[in-house]
Amino acid sequence: MESSPPPPPPPPMETSKRRAAETASIASLTNDNSVLPIELIFFEILIRLPVKTLLKMRSVSKSWISRISTPEFVKAHLNFSANNREFAHHRVLSIRSGSHIHDDGHITRWRYFRTFSLYAILYGESPCFPVELHNFGVSYNVLGSCDGLFVISKTWYDNDIENLFLWNPSIRRLSKLPYSGIDVRKRRFAYGFGYIKCQNDYQIVEIVASKPSYLIADISVYSLRNNSWKTIQEFPSISLPENVKFVKGQLHWITGGGSGNNATWFNPGDEKFGNVALPIPSGDTFNWKLVSSSGNLCMTCDYRNKTDVWIMKEYGLAESWTIVGSIPKFVNKVVRPIFISRNDEILLQDVSGLVWWYVSRDDGSFDRPEDQTRCEYDRGSELNLYIESLVSPSSP
């Protein structure tokens, strides 16, 4: 479900004052029964609680279970969490793979799934320890995420997909998806995942191409509401995307080898295709890559000595593309935006860790703060930002 981008995090002093004001406001409501019904007050308190606390409260009574489990409450809690100014319900999923060679020569491969608090990262809480999650093993990969749900694939040894799952790490629930009917073995494929507001449905788009042309051969769409797949009959003759991003209810990707003037979009709701204009680069680029943050379409442009980060401030308007960061890099240095705030501050992952970059308001230059974020995550991890939610992987 799409929500408007949250405003930038306030300074710690403002945070303390606002918390005190909220507490006083709730206290005044409880002392005056004529202001609001107690049921509404109860509801407003519950949507502010973290998922972990709500799960514990479900064991109190059947009436509490019914309150917290309704679609209306799940949606209200998600909207409040997504727009929380302190990002108290945002988390970073860290996936790290590796292997260990035993004395007898036997090799054990492993993959860790852990989660970190974005609030702890932004506000410098130290140490920022991880929370261990489901131990999937080395054959599982993340294909996409939306509203606290992740699309997980189980693959064979040659990376061919065997099964797909929907997973909510906050409520620790995993749901296996039915077979799409398309054999992806020995073929290239890409997946996108997002919320279709007009249908109140979470949908997965499976795009498959045949070798050696790599032109799209099949497209299928999975509906969580119907728990079924449908085949898209008509689509343009274009190349398979290398990376896809679900923004504004549409799946986006860049065709033409990672450069060009337009990105292709596909709307699974009405099965239409179209194009959205990309920014004009300042020179020859190695690679363009679409990213997303807070519901906005973003893009990185890699050059030899820097990476530019762009954001489309008003979706569909080419003139609204704005460069929000120009980050210097060294040879073989990985630069990946994790989060972009309303003030165009960039939480960036590179080989040195997680760092903030921001635009100087005086001369428009791009600066990096001296101190890095204090998050004890494993270097080289795959990081995914998500929101804690109660959304079920078995029903929208």
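For clarity, every value in this text was computed on a predicted model and none was experimentally measured. In this chain, residues are counted from 1 in sequence order.
- Take Lys230 and apply the salt bridge (charged side-chain N to carboxylate O under 4.0 Å, His left out) test, not counting sequence neighbours, and it matches Glu271.
- A 4.5 Å side-chain heavy-atom check between Ile207 and Leu240 finds at least one atom pair inside the cut-off.
- Contact annotation: the side chain of Cys298 approaches that of Ile340 to within less than 4.5 Å [non-hydrogen atoms, C-beta and beyond].
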Side chain to side chain donor-acceptor pair (under 3.5 Å) between Ser145 and Asn384: does it pass, once the steps are laid out? CA-CA 8 Å; Ser145 66; Asn384 297 272; 5.4 Å; no
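- The shortest distance between side-chain heavy atoms of Thr264 and Ile238 falls below 4.5 Å.
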Side-chain donor-acceptor pairs of residues 311-320 under 3.5 Å, sequence neighbours excluded:
from: Lys313; atom 1: NZ; to: Asp344; atom 2: OD1; distance (Å): 2.6
from: Lys313; atom 1: NZ; to: Asp344; atom 2: OD2; distance (Å): 3.2
from: Tyr315; atom 1: OH; to: Gln250; atom 2: NE2; distance (Å): 2.8
from: Tyr315; atom 1: OH; to: His252; atom 2: NE2; distance (Å): 2.6
from: Ser320; atom 1: OG; to: Glu314; atom 2: N; distance (Å): 3.1
from: Ser320; atom 1: OG; to: Glu314; atom 2: O; distance (Å): 2.9
from: Ser320; atom 1: OG; to: Leu317; atom 2: O; distance (Å): 2.6

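- Judged as a side-chain hydrogen bond (donor to acceptor under 3.5 Å, both in side chains), and not counting sequence neighbours, Thr322 has no contacts.
- Between the side chains of Ser394 and Arg173, at least one donor N or O sits under 3.5 Å from an acceptor N or O.
- With respect to Gln203, the side chain to side chain contact (heavy atoms under 4.5 Å, CB included) criterion is satisfied by exactly one of Ile196, Leu251, Leu224: Ile196.
- Nearest approach of Pro393 to Asn168, heavy atoms of both residues: CD-CB, 4.4 Å.
- Taking the six-membered ring for Trp and the full ring otherwise, the centers of Phe193 and Phe246 sit at least 6.0 Å from each other.
- For the residue pair Ser170 and Leu55, the shortest heavy atom distance occurs at O-CD1, 3.7 Å.
- Side chains of Arg91 and Thr115: a donor-acceptor N/O pair is present below 3.5 angstrom, by distance only.
- No more than 12 heavy atoms of other residues, nucleotides or ligands shown are found within 6.0 angstrom of CG on Asp103.
- Considering only residues two or more places apart in sequence or on other chains, Asn227 meets the side-chain hydrogen bond (donor to acceptor under 3.5 Å, both in side chains) condition with Tyr222.
- Using a 4.5 Å cut-off on side-chain heavy atoms (C-beta onward), Val221 and Ile204 make no contact.
- Here Tyr202 and Tyr195 bring their ring centres to under 6.0 angstrom of each other.
- Between the side chains of Asp302 and Thr307, at least one donor N or O lies within less than 3.5 Å of an accepting N or O.
- Annotation: side-chain hydrogen bond (donor to acceptor under 3.5 Å, both in side chains) contacts of Lys306 (sequence neighbours excluded): none.
- In this structure, Leu93 and Leu383 have side chains that are not in contact, with every pair of non-hydrogen atoms separated by 4.5 Å or more.
- Every residue two or more places apart in sequence or in another chain was checked for a side-chain hydrogen bond (donor to acceptor under 3.5 Å, both in side chains) with Asp270, and none qualifies.
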